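Here is the structure we will look at, set down as structure tokens.
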Amino acid sequence: MNLKNDLLLKALRGEDIERVPVWMMRQAGRYLPEYIKIREKYSFFERCQTPELAAEITIQPIDIIGVDAAILFSDILVVPQAMGLEVQLIESKGPYLPNPIKTKKDFERIRVPEIDETLFYVMDAIKLIKERLDNRVPLIGFAGAPWTILCYMVQGKGSKTFDEAKAFCYQEPVLANQLLQMITDTTIAYLKAQIEAGVDTVQIFDSWGGLLSKADFELFSLPYIEQIVTAIKSKAPTIVFAKGAWSSLDTLSKTGAAALGLDWCITAPMARQFAGSNITLQGNFDPAKLLSPIPTIVKETETMLKAFGKRNYIANLGHGILPNVPVDHAKAFVNTVKNFDYSKLA
Ligand code: CP3
């Protein structure tokens with residue numbers, strides 16, 4: 001089973017490659033008219049739970065945009081759902097968990113679930129996607145980092161500050177660590193099952209890692225990420241994207257992760273200095289910059305490629321693509337990475 005395009009996996013292993021691989025976080029989503037069509041007919045969790053729909057949505061950006069990897073269409077919030085919490089997705093508002101975790105008593109409502117009994121539909125989707133991809137590009141699996149999942153399980157909805165989640169950690173550190181450990185155990189079993197079903201690599205999304213100080217990140221996020229990376233290291237390479245947590249790139253680089261994701265608020269030389277010379281870096285184009293005129297997108301993408309260099313690098317956005325990005329603009333970003341003259345780079 002040889003992949004026709006394995007640039008991403010080579011970059012994750014730090015191998016010398018002819019050109020930089022490119023994919024976009026949230027590449028399967030609302031900026032694609034083909035996705036919107038499916039969205040009109042089925043609810044969000046119907047789309048996640050129906051392997052046929054998840055497979056079709058996952059493959060759309062491969063066919064339409066020409067990215068070098070597919071990322072499973074699902075959501076990080078299927079984990080709290082499997083643990084026993086109700087999760088709703090409210091149109092134009094985002095996730096809503098009507099009964100969040102606030103006290104020790106609330107732990108009676110959650111558990112570390114059997115993955116086969118709860119998230120089997122994800123593994124069914126992965127098998128179908130692998131079949132349909134027919135080895136064209138690698139498939140990325142994913143999960144949320146335990147800290148980011150705790151944010152939603154405690155706060156109950158999106159937030160700019162996640163103050164209630166932080167208050168829970170600061171007031172009840174023992175309970176918080178217990179919850180983080182339950183999420184970690186679930187996530188390890190879940191990612192192992194994804195790898196078993198066929199994903200080639202996994203990304204851990206710590207979207208809210210940057211809300212914590214370095215000291216608190218090292219208490220409430222890093223140890224759990226490290227447990228996950230260690231548990232799956234012999235099975236697949238891991239990409240860790242801890243948005244905004246640039247002050248922990250040094251410790252994150254020692255977790256055993258193959259790559260670290262970056263947002264656009266850090267420069268390539270700074271990230272390289274903090275993360276060291278061996279690990280692969282991924283990022284970090286400002287998603288809103290895709291709203292610029294195409295010539296600007298081309299110029300700034302080239303600037304990014306020159307700053308990171310060819311080796312140990314995966315081109316990506318610094319966070320998920322925005323729903324109002326024109327498809328042509330996303331294509332311009334991807335094509336600039338694919339057509340760049342890498343002989344110019346060290
Ligand atoms: O990257 C991909 O293309 C794969 C699919 C994917 C989704 N969610 C689909 C989705 C991935 C990797 C995620 C991860 C995710 N989900 C994260 C981490 C990444 C990040 O963006 O920080 C987070 C924090 C969530 C939780 C979540 N799910 C939020 C906050 C929202 C609402 C905001 C939004 O973007 O709409 C969702 C819903 C969601 N997940 C959508 C999609 C395509 C939009 C649903 C729709 O079509 O209406």
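Keep in mind that this is a model prediction, so the values were computed, not measured. Ligands are counted one by one from 1 in listed order, and the atoms in each one are counted from 1 as well.
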So, does Arg47 sit close enough to ligand 1 that a heavy atom of it is under 4.0 Å from the ligand? yes
Given Ser221, which of Asp216, Thr148, Asp206 fulfils the side chain to side chain contact (heavy atoms under 4.5 Å, CB included) condition? Asp206
May I ask you to check whether Trp208 has an N/O atom sitting below 3.5 Å from an N/O atom of ligand 1? no
Which option out of Phe205, Tyr152, Trp23 puts a heavy atom nearest to atom 24 (C) of ligand 1? Tyr152
Report the relative orientation of the aromatic rings in Tyr170 and Phe220; use parallel for angles under 30°, tilted for 30 to 60°, perpendicular for over 60°. tilted
Atom 2 (C) of ligand 1 [closest protein heavy-atom partner, distance rounded to 0.1 Å]: Arg26 CA, 3.3 Å
Exam field: side chain Lys166 to backbone Leu211, donor-acceptor pair closer than 3.5 Å: yes
Tell me whether His319 reaches ligand 1 (any heavy atom closer than 4.0 angstrom to a ligand atom). yes
Which hydrophobic side chains are connected to Ile90, either touching it within the sub-4.5 Å cutoff or through other members that do? Tyr96
Quick one: does Leu72 get within less than 4.0 Å of ligand 1, heavy atoms only? yes
Please determine if Ala28 has a nitrogen or oxygen closer than 3.5 Å to a nitrogen or oxygen of ligand 1. yes
Does ligand 1 have any atom that is closer than 4.0 Å to a heavy atom of Ser207? yes
Sub-4.0 Å heavy-atom contact, Gly158 with ligand 1: no
Name the option, out of Ile36, Ile71, Asp75, that contains the heavy atom nearest to atom 39 (C) of ligand 1. Asp75
My understanding is that we take every heavy atom of each candidate and find the minimum distance to atom 5 (C) of ligand 1. Doing that for Ala54, Gly141, Ser74, which one comes out nearest? Ser74
What do we get for Glu91 next to ligand 1 when only non-hydrogen atoms under 4.0 Å count, side chain, backbone, both or neither? neither
Can you list the residues that meet the side-chain hydrogen bond (donor to acceptor under 3.5 Å, both in side chains) rule with Lys37, with sequence neighbours excluded? none
